[in-house]
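Owing to the predicted nature of the structure, the values given are computational and were not obtained by experimental measurement.
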Amino acid sequence: MSTAKKKPAEPRSRDADRSQLAILLAARDEFAQHGLGGARMDRIAERAALNKRLIYYYFTSKDELFLAVLEQAYADIRAAETQLHLRDMAPAQAIRRLTEFTWDYYIAHPEFLTLLNSENLHQGRHLAMSGRVQEMNSPLVQTLAEILERGRADGLFRGGIDPVQLYVSIAGLSYFYLSNNSTLSAIFGRDLMGPKALNERLSHMCDVILGYVLRN
């Protein structure tokens, strides 16, 4: 009688999807809390309530898992942006709505900011290896370009605005304030995360962005 060990059966598709989702969610929280360097696969397995070997079955290394988490984070925000239906709005309304959405999303998903902080500490080397991230961002840039062109054609927006530069400004105005709120609050002696301060910041950002795109 043969004593050869049988190869483990391939997990069923539904179970595999459920396991991978659990791993990604657990890894997102672990990386957001501890960064790539401080994250531990043992803790990810414990968070996901799965065997660590199963994590390596789907993701061969911590770096590969970190990239998968980053890609999912970008997929989530891009999917949420598509629900705004910016193309159906008047140009100025669309720019304001994108600014408001970006601000609200960053507040609701602080883990997104901490994941980006961790990746920037590693010079973006994981995202540089991803083909998916650029593909996910291209539709947003195209949508923004179309909105800017409609606004220019209507005589509302000035011409020559780079949609990538504009989005970086929208994201940057939110990102810097929120990711550095502790130091900024200490430096200026103000609670910059209080409701009044947050409302003032959003109003300021919308004024800055619209003041840039609108013709004088």
- prompt: Do Val168 and Tyr212 belong to the same hydrophobic cluster, where Ile, Leu, Val, Met, Phe, Trp and Tyr are linked whenever their side-chain heavy atoms lie under 4.5 Å apart, directly or via other members?
  reply: no

* Could you check whether the rings of His122 and His126 sit parallel, tilted or perpendicular, using 30° and 60° as the cut-offs? => perpendicular

For the pair Glu46 and Arg43, find out whether any cationic side-chain nitrogen is under 4.0 Å from an anionic carboxylate oxygen. no

Notebook entry, point to check: Are side-chain heavy atoms of Cys206 and Leu202 found at a separation under 4.5 Å?
Noted result: yes

On a heavy-atom basis, the closest approach of Ala32 and Glu111 is CB-CB, 3.8 Å

Between Leu24 and Ala68, the two heavy atoms sitting closest are CD2-CB, 3.8 Å

Enclosure of Glu64 CD (heavy-atom neighbours >12, cutoff 6.0 Å):
yes

On a heavy-atom basis, the closest approach of Pro91 and Arg150 is CD-NH1, 3.6 Å

Output for pair (Asp76 CG, Arg28 CZ), nearest 0.5 Å, gives 8.0 Å

Chi angles and distances behind the side-chain contact (heavy atoms from CB on, under 4.5 Å) call for Tyr105, Glu81:
CA-CA 10 Å; Tyr105 191 91; Glu81 285 165 346; over 6 Å; no

request  = Treat each ILVMFWY residue as a node, draw an edge where side-chain heavy atoms are under 4.5 Å apart, and state whether Leu214 and Ile170 are in one component.
outcome  = yes

SB check Lys196 Asp191 (cutoff 4.0 Å) | no

Would you check if the side chain of Ser203 reaches a backbone N or O of Asn199 as a donor-acceptor pair within less than 3.5 Å? no

Minimum side-chain heavy-atom gap Leu148-Leu166 below 4.5 Å: yes

Between Ser179 and Asn117, the two heavy atoms sitting closest are CB-ND2, 4.3 Å

Value for CD1 (Ile95) from CD1 (Ile147), rounded to nearest 0.5 Å, stands at 5.5 Å

Between the CG atom in Asp63 and the CG atom in Leu36, the distance rounded to the nearest 0.5 Å is 5.5 Å

- Message: Are His204 and Leu173 packed together at the side-chain level, in the sense that at least one heavy-atom pair is separated by less than 4.5 angstrom?
- Response: no

Might you work through the side-chain contact (heavy atoms from CB on, under 4.5 Å) test for Leu198 and Trp103, ending with a clear yes or no? CA-CA 10 Å; Leu198 293 177; Trp103 173 253; 3.5 Å; yes

| Would the Tyr106 and Tyr177 ring centres measure less than 6.0 Å apart? | no

ask   = Under 3.5 Å, is there a donor-acceptor pair between the side chain of Thr60 and the main chain of Tyr56?
value = no

Cluster check Met205, Leu184: I/L/V/M/F/W/Y, side chain < 4.5 angstrom | yes

Chi angles and distances behind the side-chain contact (heavy atoms from CB on, under 4.5 Å) call for Glu119, Phe66: CA-CA 9 Å; Glu119 174 63 352; Phe66 184 59; 3.3 Å; yes

Compare all side-chain heavy atoms of Phe59 with those of Ile23 and state whether any distance is below 4.5 angstrom. yes

Please step through side-chain contact (heavy atoms from CB on, under 4.5 Å) for the pair Val213 and Arg158, ending with a clear verdict. CA-CA 6 Å; Val213 299; Arg158 64 187 188 85; 5.9 Å; no

Between Ser185 and Arg190, is there a side-chain heavy-atom distance shorter than 4.5 Å? no

Quick check: does any side chain N or O of Asp104 sit under 3.5 Å from a backbone N or O of Phe101, one acting as donor and the other as acceptor? no

CG (Leu116) and CG (Leu121) are apart, to the nearest 0.5 Å, by 11.0 Å

Inset, instruction - Check whether any side-chain heavy atom of Ser118 lies under 4.5 Å from a side-chain heavy atom of Phe31, and answer yes or no. - result: no

Near Glu200 CD, under 6.0 Å, is it more than 12 heavy atoms from other residues, nucleotides or ligands? yes

Checklist entry - Do Ile55 and Met41 have side chains that get closer than 4.5 Å, going by heavy atoms? => result yes

*If you measure only the distance, is there a donor-acceptor pair under 3.5 Å linking the side chains of Gln33 and Asp29?*
no

- Query: Under 4.5 Å between side-chain heavy atoms, hopping through other hydrophobics if needed: is there a path connecting Ile77 to Leu25?
  - Reply: no

* To do: Give a yes or no on whether a salt bridge exists between Arg40 and Glu30, defined as a side-chain N under 4.0 angstrom from a carboxylate O.
  => no

Flag yes if more than 12 heavy atoms outside Arg53 fall under 6.0 Å of its CZ atom; otherwise flag no. no

Closest non-hydrogen atoms of Glu71 and Ser130, given as atom of the first, atom of the second and distance, are OE2-OG, 2.6 Å

For Ala22 and Ala48, the nearest pair of non-hydrogen atoms, with its separation, is O-CB, 3.7 Å

**Q.** Residue pair Thr143 / Arg87, side-chain donor-acceptor N/O under 3.5 Å
**A.** yes

- Message: Using a strict threshold of under 4.0 Å (side-chain N to carboxylate O), is an ion pair present between Arg132 and Glu135?
- Response: no

Interatomic distance, CZ@Phe112 vs CD1@Ile107, rounded to 0.5 Å, equals 14.5 Å

d(His109 NE2, Thr114 OG1) to nearest 0.5 Å is 12.5 Å

Task: Single-linkage hydrophobic cluster Val164~Phe176, side-chain heavy atoms < 4.5 angstrom - done: no

query = Does Ser169 reach the side chain of Ile209, with side-chain heavy atoms less than 4.5 Å apart?
reply = yes

